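FYI, the numbering just counts along the sequence from 1. Since the structure is predicted, the reported quantities are computational estimates derived from the model, not experimental observations.
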Amino acid sequence: VLCWFYVFPVYRLPRDKDIVEEVLRQGDVWHKNQTGIDWYRKLLTDCCDPRRMFAVTKENSPMGKVLWYDGEFYHSHTVNNETYPLFVRFQGAKCAVVGNSGILRHSKCGKDIDQADFIMRCNLPPLSKEYVEDVGTRTHLVTANPSIIEKRFQNLLWSRKAFVDSMKVYGSSYIYMPAFSMKPGTDPSLRAYYALADTSSNLTMLFANPEFLATVGKFWKARGVHAKRLSTGLFLVSLALGLCEEVTAYGFWPFSVDLDEQPVSHHYYDNILPYKWFHAMPEEFVQLWHLHKSGTLRMRVGHCP
Ligand code: CTP
């Protein structure tokens, strides 16, 4: 039977209802496809070189290197005595990428997620007791947009305690910040670095490399994802496909009803909706589902066994 992926060109997004029907049709069936995995790793390696490029490191950003902000034109940062020492030297297995969709609520996926070798999460998500069963407890890499530093932690211009304390739940993971994406984001990111370093935190700061963000953005644009900017979740999946032996994605479901047609909140912890035109999460979902169907990565969109 011809499914809608083949019937419609990728840029024409099917209706939510059709997507739900398609997902239901597929059910829990998933077969790993090593050819698909190798192919996507090659595509992403050729375009964006995730292993080498995903973060600003001492290797890819030596002193004097000009980093062009990928989220705006004409601004750059030249690596200098102040920023170079903050950059890390880097290196990946079975990875779990956890999006923040409400589909995770009551999913009981926590154990599954925690069994992965490398667990990536988006936007400093809550991992409190009430969510543990559904989202797990372990984290190896967590992203933080500078806008979160501004909104939740008064841009770190006042007390740093609340920030440092709330980071403890991520153990000794990497914190991945797009410090060089938007100019106003650089200072809060550097402040976050110092807030952690000054308190001997176990977290290691990784600054997202704007060159990587830009090339991954182009990669998905060429595959039909038309949005002002890719979502953090798709960046992490791209990174994982480049780095990991096997990738499972949880919490990617940008729709308002679940597979049983019950309402789903936007996040597993609240129902604050995103600004509509910034991301194209349903288009991203279609791409991810395509990869699920081809056995390249596994999507968990319902209950975990
Ligand atoms: N996500 C999803 N479906 C949802 C909510 C989130 O697929 N209902 C995925 C998206 O890939 C998103 C990621 O989970 O990037 C993290 O969610 P969230 O923190 O809500 O991301 P945003 O705040 O929308 O912003 P951004 O992607 O710009 O970080």
message = In terms of relative ring orientation, are His292 and Trp289 parallel, tilted or perpendicular, with 30° and 60° separating the classes?
response =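 Plane angle under 30°, so parallel.
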inquiry  = Angle between ring planes, Phe118 versus His140, binned at 30° and 60°: parallel, tilted or perpendicular?
reply    =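 Answer is parallel, since the angle falls under 30°.
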Looking only at heavy atoms, what is the nearest atom pair of [X] and [Y], with distance?
X      : Y      : value
Lys293 : Glu22  : NZ-OE2, 2.7 Å
Val66  : Ser76  : CG1-CB, 3.6 Å
Leu213 : Ala208 : CD1-CB, 3.9 Å
Pro85  : Lys58  : O-NZ, 3.6 Å

query = Taking only residues at least two apart or on different chains, which pairs with a member in residues 61-72 satisfy side chain to side chain donor-acceptor pair (under 3.5 Å)?
reply =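 Side chain to side chain donor-acceptor pair (under 3.5 Å) check on residues 61-72 returns Lys65-Glu211, Tyr69-Thr186, Asp70-Ser181, Asp70-Arg229.
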query = Does any donor atom in the side chain of Thr199 or Ser201 lie under 3.5 Å from an acceptor atom in the other side chain?
reply =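 No.
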query = Is a side-chain donor-acceptor pair under 3.5 Å present for Trp220 with Ser238?
reply =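 There is such a pair between these side chains.
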query = Run the salt bridge (charged side-chain N to carboxylate O under 4.0 Å, His left out) check on Lys42 and Asp38 step by step: do they pass?
reply = CA-CA 6 Å; Lys42 184 179 175 334; Asp38 293 344; over 6 Å; no
request  = Taking atom CG of Asp198 as the centre, report whether more than 12 heavy atoms of other residues, nucleotides or ligands fall under 6.0 Å from it.
outcome  =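 Atom CG in Asp198 is crowded, with more than 12 foreign heavy atoms closer than 6.0 Å.
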query = Of all residues at least two apart in sequence or in a different chain, which pass the side chain to side chain contact (heavy atoms under 4.5 Å, CB included) check with Asn123?
reply =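 Only Asn100, Thr143, Asn145, Ile148, Thr232 meet the side chain to side chain contact (heavy atoms under 4.5 Å, CB included) criterion with Asn123.
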key: Min side-chain heavy-atom separation Ile37-Lys32 under 4.5 Å   =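 Counting from C-beta outward, Ile37 and Lys32 do come under 4.5 Å.
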